[in-house]
Amino acid sequence: MTMDSNDTRRFADRSRQQTPAYAGREGEQSAMDKPDIAAPRQRRSNLRTTLTWLLRAAISFGLIFYILWGTEVGEVLAAIRVADLRLILLALGLQILGALIMAMRFGILLAVRDTRPGLAYLFVSTMSAAFFRQFLPSTLGGDALRGYDAWRAGASKGFAVLALFVDRLLGLAVMTAFAVLAIALFGSDRGDMSGAYRWAIAGLILVMIALGLLFYLPARQKGQLSALASRLPARLSALAEKLGQIATPFHGKGGVLAKSAALTLVLQVNVVLFYWVVAQSLGL
């Protein structure tokens with residue numbers, strides 16, 4: 001049986017279609033025919049990123065304008081003209097150093113629960129919190145941002161709040177110690193400071209007790225506190241039990257306390273030095 005020319009051509013076409021090269025070209029052609037779904041999605045993502053950046057920039061400049069609105073700009077400019085620029089730059093460097101120390105301390109506390117977002121991440125979070133604190137009545141707003149960033153980095157909500165609490169408690173301990181020392185050394189220059197001295201000592205004792213409960217509460221005392229909590233009404237008892245469970249991560253972490261306290265001491269010395277440098281730069 002013979003094959004005519006048409007049968008031969010059809011056989012050759014089928015043979016070519018079965019070859020890998022032809023299949024590849026066919027796949028490329030069908031891929032080209034399909035609509036590109038990823039491109040519009042990428043454009044929407046880029047547009048969302050740009051709009052978010054513009055919104056953040058508008059809020060930032062708006063808040064800065066709000067700060068400067070009621071300021072006597074002439075007096076500020078006059079003070080800048082007589083200020084020592086080198087000392088101003090040094091003061092700025094001390095502020096950045098302070099934020100870096102705070103980020104290091106918070107990182108040590110978060111590492112207790114194996115949350116390690118990195119120093120750069122925590123530094124950016126600390127600087128962002130410092131920015132928003134300028135417009136809020138207390139430091140809590142900035143701390144809320146730091147807590148949110150800690151949660152985003154992997155910490156549980158309860159532990160993020162606890163780490164912030166310990167962070168602030170350490171700062172309060174060193175500040176009250178500074179107050180006791182300052183009144184003892186220089187209080188006589190400012191009249192009768194006995195009342196303030198007693199309050200400062202009482203505050204220092206309370207803060208040290210709180211840190212002791214968080215880091216060094218013996219098992220016997222924990223049992224006594226649990227027994228005391230069980231006598232409370234059901235809701236309060238459950239709340240006390242939950243708080244006790246949240247506070248346990250720092251029990252026995254004396255090394256964490258020592259490192260964090262050392263950084264806190266350096267931080268508060270840096271704060272005092274910052275204000276002294278600013279005063280010197282303005283000739284006060």
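Bear in mind the structure is a predicted one, so any value in this text is a computation, not a measurement.
By the 30° and 60° cut-offs, the orientation of the rings of Phe215 relative to Phe250 is tilted.
Rounded to the nearest 0.5 angstrom, Ser156 OG and Leu162 CG are separated by 9.0 Å. Taking OG of Ser260 as the start and CZ of Phe106 as the end, the distance is 11.0 Å to the nearest 0.5 Å. The structure places CD of Gln268 at 9.5 Å from CG of Leu172, a figure rounded to the nearest 0.5 Å. Atoms CG and CZ, from Asp114 and Arg116 in turn, are 4.5 Å apart once rounded to the nearest 0.5 Å. Leu267 CG to Arg105 CZ: the interatomic distance, rounded to the nearest 0.5 Å, is 5.5 Å. How far CG of Asn270 is from CD1 of Ile96: 11.0 Å, rounded to the nearest 0.5 Å.
Across all non-hydrogen atoms, the minimal contact from Leu110 to Ala155 is CD2-CB, 4.4 Å. The shortest non-hydrogen separation linking Ile183 to Ala200 is CD1-CB, 4.4 Å. Taking each heavy atom of Ala210 and Leu169 in turn, the nearest pair found is CB-CD2, 3.7 Å. The shortest non-hydrogen separation linking Ala160 to Gly147 is CB-O, 3.8 Å. Contact record, Leu204 with Val180: CD2-CG2, 4.3 Å, taken as the closest heavy-atom pair. For Thr264 against Gly171, the heavy-atom pair with the smallest separation is CG2-CA, 3.6 Å.
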Which is it for Trp53 and Thr49 under the side-chain contact (heavy atoms from CB on, under 4.5 Å) test, yes or no, and what are the steps along the way?
CA-CA 6 Å; Trp53 186 89; Thr49 301; 5.7 Å; no

Check the pair Leu119 / Leu100 against side-chain contact (heavy atoms from CB on, under 4.5 Å), numbers first and verdict last.
CA-CA 8 Å; Leu119 183 59; Leu100 183 62; 3.9 Å; yes

Starting from the C-alpha separation in whole Å, work towards a yes-or-no answer on side-chain contact (heavy atoms from CB on, under 4.5 Å) for Asp143 and Asp167.
CA-CA 10 Å; Asp143 284 347; Asp167 184 85; 5.6 Å; no

For Arg56 and Ile59: C-alpha separation, side-chain torsions, deciding distance, then whether side-chain contact (heavy atoms from CB on, under 4.5 Å) applies.
CA-CA 5 Å; Arg56 289 177 176 177; Ile59 292 173; 5.8 Å; no

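Taking a cutoff of 4.0 Å between a charged side-chain nitrogen and a carboxylate oxygen, Asp149 and Arg152 qualify as a salt bridge.
Cluster membership for Leu263 and Tyr121, using ILVMFWY side-chain heavy atoms within less than 4.5 angstrom, is shared. Phe165 and Trp151 are members of different hydrophobic clusters when ILVMFWY side chains are connected at heavy-atom separations under 4.5 Å. With hydrophobic clusters built from ILVMFWY side chains whose heavy atoms lie under 4.5 angstrom apart, Tyr216 shares a cluster with Leu170. Under a hydrophobic clustering in which Ile, Leu, Val, Met, Phe, Trp and Tyr are joined whenever their side-chain heavy atoms come within less than 4.5 Å, directly or via other members, Phe274 and Ile88 fall into different clusters. Val272 and Leu284 are not part of a single hydrophobic cluster, where members link through side-chain heavy atoms under 4.5 Å apart.
Under the 4.5 Å side-chain criterion, counting only non-hydrogen atoms from C-beta, Met104 is not in contact with Lys259. Residues Thr248 and His251 are in side-chain contact: their nearest non-hydrogen atoms beyond the backbone lie under 4.5 Å apart.
Surrounding OH of Tyr275 are at most 12 heavy atoms belonging to other residues, nucleotides or ligands under 6.0 Å away.
Side chain of Thr176 to main chain of Ala173: a donor-acceptor pair is present (N/O by atom type, distance under 3.5 Å, no hydrogens or angles). Within the 3.5 Å criterion, the main-chain N or O of Leu122 finds a donor-acceptor partner in the side chain of Thr126.
Considering Leu90, Leu97, Val278, Leu94 as possible partners of Leu273, the one that fulfils the side-chain contact (heavy atoms from CB on, under 4.5 Å) test is Leu94.
No side-chain donor from either of Ser281 and Asp84 sits under 3.5 Å from a side-chain acceptor of the other.
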